[in-house]
Amino acid sequence: MTFTQSTPAAPAVPAGDQPSDARLVAEVGDVLAVPRQDQADSFVLHAPLELAARAGLLPFVQPSHREHARRQIRAIADEFTDFGPPVREPAATDCSSTRDAAARLVAAIDRGELDDIDAIARWIGRATTAAELPALLSADVVKRLAAAAHAPIFLYHLPRVAPRGEVSGELLRGLARELGRAPGWRLKWFESSRDSRAATSSASGADVFDAIAATPLGHADLGDTPFIYPLMSRVDSAPGTVDGIAARQLRGVIGGTPDRDQFRVVLRAAAWSMLLEPGDHAPYGWSHCLTMPQAVLALAPASVDPNTALAVAATFVVGFRSALARNPLVTEFAPADPGLPLAEALSGPPAVAAAAAWHLPEAAFPELVGELATRASIQHDAHLVKYTLACLDAADDDRAHRRLYLSAAASLVGWWAQVPVS
């Protein structure tokens with residue numbers, strides 16, 4: 001499945017002596033390409049992804065707010081530099097081919113050798129194009145939970161921001177180091193030989209959705225920010241049991257040759273979760289519930305086995321729902337029309353923003369996209385820009401459900417509208 005990535009990263013050069021959008025993104029990318037010495041916090045981990053998301057949204061930003069959006073892009077580099085000193089210059093290395101480099105990089109990640117990881121990642125980042133990197137690395141990284149399972153998001157978005165090599169592939173270095181800090185963190189349930197009987201599965205998209213919807217509702221106390229590894233490892237396997245929650249829910253619908261509808265219903269389940277659940281986990285839980293599986297599915301079938309992609313993506317949604325969901329997963333949303341101008345509604349609470357988007361006529365969707373992209377782009381949060389772009393991509397790919405994705409994006413925009421600007 002390939003999600004449409006028609007959004008140009010670099011619109012026309014604005015008037016004056018400011019750098020073009022493409023050059024601005026490239027300059028920030030050069031800063032982010034050099035990892036910091038200390039283990040990444042959430043900002044540092046998300047910095048390359050935030051850069052990609054802000055670049056992807058920039059063409060949709062309303063003209064009066066474009067400079068504000070560009071300042072937010074510059075701010076990524078400033079905050080990244082302030083995090084701490086860079087790593088020392090990696091040792092020179094040489095590889096016989098990009099495929100050899102990819103194999104050596106995976107081996108170094110499995111050993112947790114951070115210096116080797118950095119040296120090889122720098123080599124491969126310089127030797128490959130943005131389009132080649134996903135094909136070399138995706139099959140290995142989609143199953144990994146280190147780096148908050150965000151490496152697939154990087155591989156999905158890099159070709160968008162660097163279609164002609166505008167951004168260095170060395171952005172890989174920081175994420176690769178974080179993978180090496182926890183090489184054993186990965187999803188495994190679908191690799192068991194006992195699952196071979198599922199190879200002839202003829203499950204439909206509706207079957208996949210129903211399997212996800214039947215996930216036991218979660219009441220886990222994970223705090224305000226659910227961390228990816230404990231949340232997903234919890235459903236991958238359960239101590240003292242044969243199967244974890246993911247295997248029990250998904251084994252019967254994984255197998256055969258997945259089709260586009262099976263992929264799409266996974267993302268619809270994620271978007272419905274944003275709309276139907278309370279807002280306490282909206283910014284960091286339900287936003288990841290869409291961005292993580294979307295990236296994995298987008299890397300199939302060219303780079304990742306489709307059954308593996310479907311299993312991983314569906315596991316992510318099952319994982320979030322098993323821990324965070326309180327309400328049944330249904331395809332029903334019937335809010336009252338708030339009867340407000342769009343701009344006013346999107347400044348209101350999530351329920352008001354989502355309801356206004358839900359009731360818009362399709363002819364007004366371009367206006368809604370501009371409002372969503374602008375509001376996300378002038379906010380400081382990486383998760384908001386990632387989620388907004390994910391919803392625009394999903395709406396473009398699954399056009400029969402555009403209203404669902406645009407309303408989900410509006411809900412998160414409304415959530416952030418209630419947060420005081422610091």
Side-chain angles (χ1 to χ4, degrees), residues 39-42 45-46 49 106 109-112 137-155 175-195 198 211-212 214-254 266 269-270 273 277 281 284-297 299 304-305 307-326 383:
Q39 183 170 356
D41 66 0
S42 178
L45 178 65
H46 281 87
L49 314 179
V106 169
I109 290 171
D110 284 338
R111 296 193 307 271
L137 298 173
S138 295
D140 177 77
V141 304
V142 296
K143 296 174 281 190
R144 295 183 183 266
L145 297 175
H150 277 27
I153 303 178
F154 169 77
L155 294 175
L175 278 164
R177 285 173 65 88
E178 296 309 309
L179 292 177
R181 293 186 191 276
W185 290 7
R186 63 183 74 202
L187 293 173
K188 302 174 183 177
W189 70 264
F190 45 84
E191 295 179 337
S192 171
S193 60
R194 65 175 177 272
D195 292 337
I212 294 172
T215 301
L217 297 185
H219 300 283
D221 182 11
L222 297 176
D224 294 333
T225 305
F227 291 100
I228 303 303
Y229 172 70
L231 195 154
M232 296 304 160
S233 62
R234 173 176 169 269
V235 298
D236 187 56
S237 61
T241 65
V242 175
D243 290 327
I245 295 171
R248 294 199 299 271
Q249 297 304 124
L250 300 172
R251 177 180 292 122
V253 296
I254 303 297
V266 175
S273 296
E277 293 295 330
H281 290 295
Y284 310 117
W286 299 123
S287 66
H288 281 128
C289 188
L290 175 64
T291 58
M292 289 167 52
Q294 181 187 64
V296 170
L297 294 174
L299 295 172
V304 179
D305 170 69
N307 274 304
T308 298
L310 180 60
V312 172
T315 297
F316 287 154
V317 181
V318 166
F320 283 112
R321 289 198 58 80
S322 72
L324 308 180
R326 302 176 189 173
H383 301 85

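Residue Ser287 holds its OG atom at 10.0 Å from CE of Met292, rounded to the nearest 0.5 Å. Atoms CD1 and CZ, from Ile245 and Arg321 in turn, are 12.5 Å apart once rounded to the nearest 0.5 Å. For the atom pair OG1 of Thr291 and CD1 of Ile153, the computed distance is 4.0 Å after rounding to the nearest 0.5 Å. How far OG of Ser322 is from CD1 of Ile212: 12.0 Å, rounded to the nearest 0.5 Å. Rounding to the nearest 0.5 Å places NZ of Lys188 at 7.5 Å from CG of Asp236. A distance of 12.5 Å separates CZ of Phe316 from CG of Leu290, quoted to the nearest 0.5 Å.
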Checklist entry - Does the side chain to side chain donor-acceptor pair (under 3.5 Å) test come out yes or no for Thr315 and Trp189, once each step is laid out? => result CA-CA 10 Å; Thr315 297; Trp189 70 264; 2.9 Å; yes
Next on the checklist: Between Arg177 and Gln39, does the side-chain contact (heavy atoms from CB on, under 4.5 Å) criterion hold? Intermediate values first, please.
Outcome noted: CA-CA 9 Å; Arg177 285 173 65 88; Gln39 183 170 356; over 6 Å; no
Item to check | Full working for side-chain contact (heavy atoms from CB on, under 4.5 Å) between His281 and Ser273 | outcome: CA-CA 10 Å; His281 290 295; Ser273 296; over 6 Å; no
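Ala148 approaches Ile228 most closely through the heavy-atom pair O-CG1, 3.6 Å. Here the closest heavy-atom approach between residue Leu145 and residue Ser233 is recorded as CD1-N, 4.3 Å. Between Pro152 and Val141, the shortest heavy-atom contact is CG-O, 4.1 Å. Considering every non-hydrogen atom in both Ala309 and Leu297, the closest pair reads O-CD2, 3.7 Å. Of all heavy-atom pairs between Val304 and Ser138, the closest is CG2-CB, 3.6 Å. Across all non-hydrogen atoms, the minimal contact from Val318 to Thr215 is CG2-OG1, 3.5 Å.
Between Arg251 and Phe190 there is no side-chain heavy-atom pair separated by less than 4.5 Å.
The backbone N or O of Ala325 sits nowhere less than 3.5 Å from a side-chain atom of Glu277 that would complete a donor-acceptor pair.
Electrostatic pairing of Arg144 and Asp110 counts as a salt bridge here, judged by a charged N lying under 4.0 Å from a carboxylate O.
Note on ring orientation: taking the six-membered ring where Trp is involved, the planes of Phe320 and His288 are parallel (angle under 30°, cut-offs 30° and 60°).
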